[in-house]
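The structure presented is a predicted model; accordingly, all values stated were derived computationally and were not measured. Only heavy atoms go into these numbers, but all of them, side chains included; no hydrogens, no water, no symmetry mates. Counting starts at 1 for both ligands and their atoms, in listed order.
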Amino acid sequence: MVAIIIKRVGEMGEKKPMPVHVAVIMDGNGRWAEMKGVPKLLGHNQGTIAMENIVRKADDMGIRYLTVYAFSTENWKRSSEEVGGIFRLLVKFVKTELRELKERNVKVNILGDWHDRIPEDAVASIRETLESTQKNTGLVFNIALNYGSRAEIVRGVNKLLSERDRGEQITEEDISASLFTGDENGNIPDPDLIIRTSGEERLSNFLLWQAAYSEFAFTDTLWPDFMPEEFESIIEEYRTRERRYGGRL
Ligand code: IPE
Ligand code: IPE
Ligand code: MG
């Protein structure tokens with residue numbers, strides 16, 4: 001009898017562990033607005049609400065690290081009106097959400113060069129958020145902002161070159177530690193799972209080094225329509241996957 005039950009559980013496929021680090025490429029705000037026939041900024045606004053709900057959900061599910069791609073180094077190519085609007089939304093997000101983030105013991109990190117080109121009021125909001133959540137020990141919420149992975153790697157390698165003696169060899173661990181996800185933000189583990197919404201299936205310069213063995217999940221849902229239930233079902237599907245890391249099973 002016991003043997004039969006064990007066999008049945010085995011057939012259903014045992015659940016693998018929860019992902020420690022989930023990263024999300026929040027894409028599709030523009031198409032959502034277009035479909036609704038509303039200004040693009042309303043799409044970004046609705047996208048911010050979707051993000052707030054996913055942060056809550058990730059925290060409730062006990063995920064340790066959540067990273068969101070909010071603004072890439074390539075997104076500066078967009079109109080100044082759109083870019084300005086995105087940063088105004090960031091300021092609004094901090095105003096309305098910082099208190100809850102603190103109550104939830106969430107630690108916020110920014111991945112990306114947040115001192116460069118970003119409007120002053122947004123920089124002030126970021127500084128306040130980082131300072132007031134720095135010591136928190138709950139969910140680590142990383143916002144990739146003015147982030148580009150190639151620029152991140154170049155910056156990291158240059159940092160290493162300036163610290164080392166000529167001719168000294170650098171290791172994979174050195175490069176990992178030199179990235180935004182490295183020493184300066186408490187050595188965030190590589191993402192177990194990267195989710196991209198809106199039907200696009202590419203990385204768009206996101207976490208290129210860190211994604212070496214990440215699992216991927218793509219959904220056609222546009223980011224503003226992405227609900228906590230779908231996030232949960234993607235995590236459940238991830239937990240059925242066999243990760244091999246090049247080893248033979
Ligand atoms: C993602 O939505 C948000 C940012 C890149 C800032 P998009 O604005 O890229 O939406 P689509 O891809 O045009 O639909
Ligand atoms: C990636 O989305 C960046 C963010 C989600 C912030 P994009 O919309 O900028 O990417 P591409 O241009 O479709 O590759
Ligand atoms: Mg897009």
List, by chain and then residue number, the residues other than Ile175 in its hydrophobic cluster (Ile/Leu/Val/Met/Phe/Trp/Tyr, side-chain heavy atoms under 4.5 Å); write none if there are no others.
Ile153, Val157, Leu160, Leu161, Ile170, Leu179, Trp209
I'd like to check the ring pair (Phe, Tyr, Trp, His ring centres under 6.0 Å) partners of Tyr65; sequence neighbours left out, ordered by chain and number.
His21
Heavy-atom nearest neighbour in the protein, as seen from atom 10 (O) of ligand 1, with distance rounded to 0.1 Å
Gly30 N, 2.9 Å
Of all residues at least two apart in sequence or in a different chain, which pass the salt bridge (charged side-chain N to carboxylate O under 4.0 Å, His left out) check with Lys15?
Glu236
Is the shortest distance from a heavy atom of Gly28 to ligand 1 less than 4.0 Å?
yes
Verify the neighbour count for atom CD of Glu103: are there more than 12 heavy atoms of other residues, nucleotides or ligands below 6.0 Å?
yes
Within this structure, what is the OG1-CG distance for the pair Thr133 and Leu101, rounded to the nearest 0.5 Å?
7.5 Å
Please answer: with hydrophobic residues joined when any side-chain heavy atoms are less than 4.5 Å apart, are Leu90 and Phe180 in the same cluster?
no
If you measure from each non-hydrogen atom of Asn75 to ligand 1, which part falls under 4.0 Å: side chain, backbone, both or neither?
side chain
If you scan protein heavy atoms around atom 4 (C) of ligand 1, the nearest is Arg78 NH1, 4.0 Å
Report the distance from atom CE of Met51 to atom CD1 of Ile49, rounding to the nearest 0.5 Å.
10.5 Å
Any atoms of ligand 1 less than 4.0 Å from a non-hydrogen atom of Met26? List them with their elements.
1 (C), 3 (C)
Can a donor-acceptor pair be found, under 3.5 Å and without considering hydrogens, that links the side chain of Glu82 to the backbone of Ser79?
no
Between Asn75 and Ser72, is a side chain to side chain donor-acceptor pair (under 3.5 Å) present by the stated rule, with each step listed?
CA-CA 5 Å; Asn75 289 147; Ser72 75; 3.1 Å; yes
Is it possible for you to say whether Trp114 and Phe93 belong to one hydrophobic cluster, with membership spreading through side-chain heavy-atom contacts below 4.5 Å?
yes
Among protein heavy atoms, which lies nearest atom 14 (O) of ligand 2, and at what distance?
Ser204 OG, 2.6 Å
What about Asp27: any of its N or O atoms under 3.5 Å from an N or O on ligand 1?
yes
At a 4.0 Å threshold, what atoms of ligand 1 neighbour a non-hydrogen atom of Arg31?
11 (P), 12 (O), 14 (O)
Using a distance threshold of 2.8 Å, what protein N/O/S atoms lie below it relative to the Mg ion (ligand 3)?
Asp27 OD1
Any heavy atom of Arg196 sitting closer than 4.0 Å to ligand 2?
yes
Should the pair Trp76 and Phe71 be assigned to parallel (<30°), tilted (30 to 60°) or perpendicular (>60°) ring geometry?
perpendicular
Using a 4.0 Å cutoff against the non-hydrogen atoms of Phe71, which atoms of ligand 2 qualify?
6 (C)
His44 near ligand 1 by a heavy-atom separation under 4.0 Å
yes
Checking the N or O distance criterion of under 3.5 Å, is ligand 1 in contact with Asn29?
yes
For the CZ atom of Phe206 and the CD atom of Glu152, what is their distance to the nearest 0.5 Å?
9.5 Å
Does the side chain of Thr137 come under 3.5 Å of the side chain of Asn105 through a donor N or O and an acceptor N or O?
yes
4.0 Å heavy-atom contact, Arg202 with ligand 2:
yes
Starting from atom 6 (C) of ligand 1, locate the nearest protein heavy atom and write down its residue, its atom name and how far away it is, to 0.1 Å.
Ala70 O, 3.4 Å
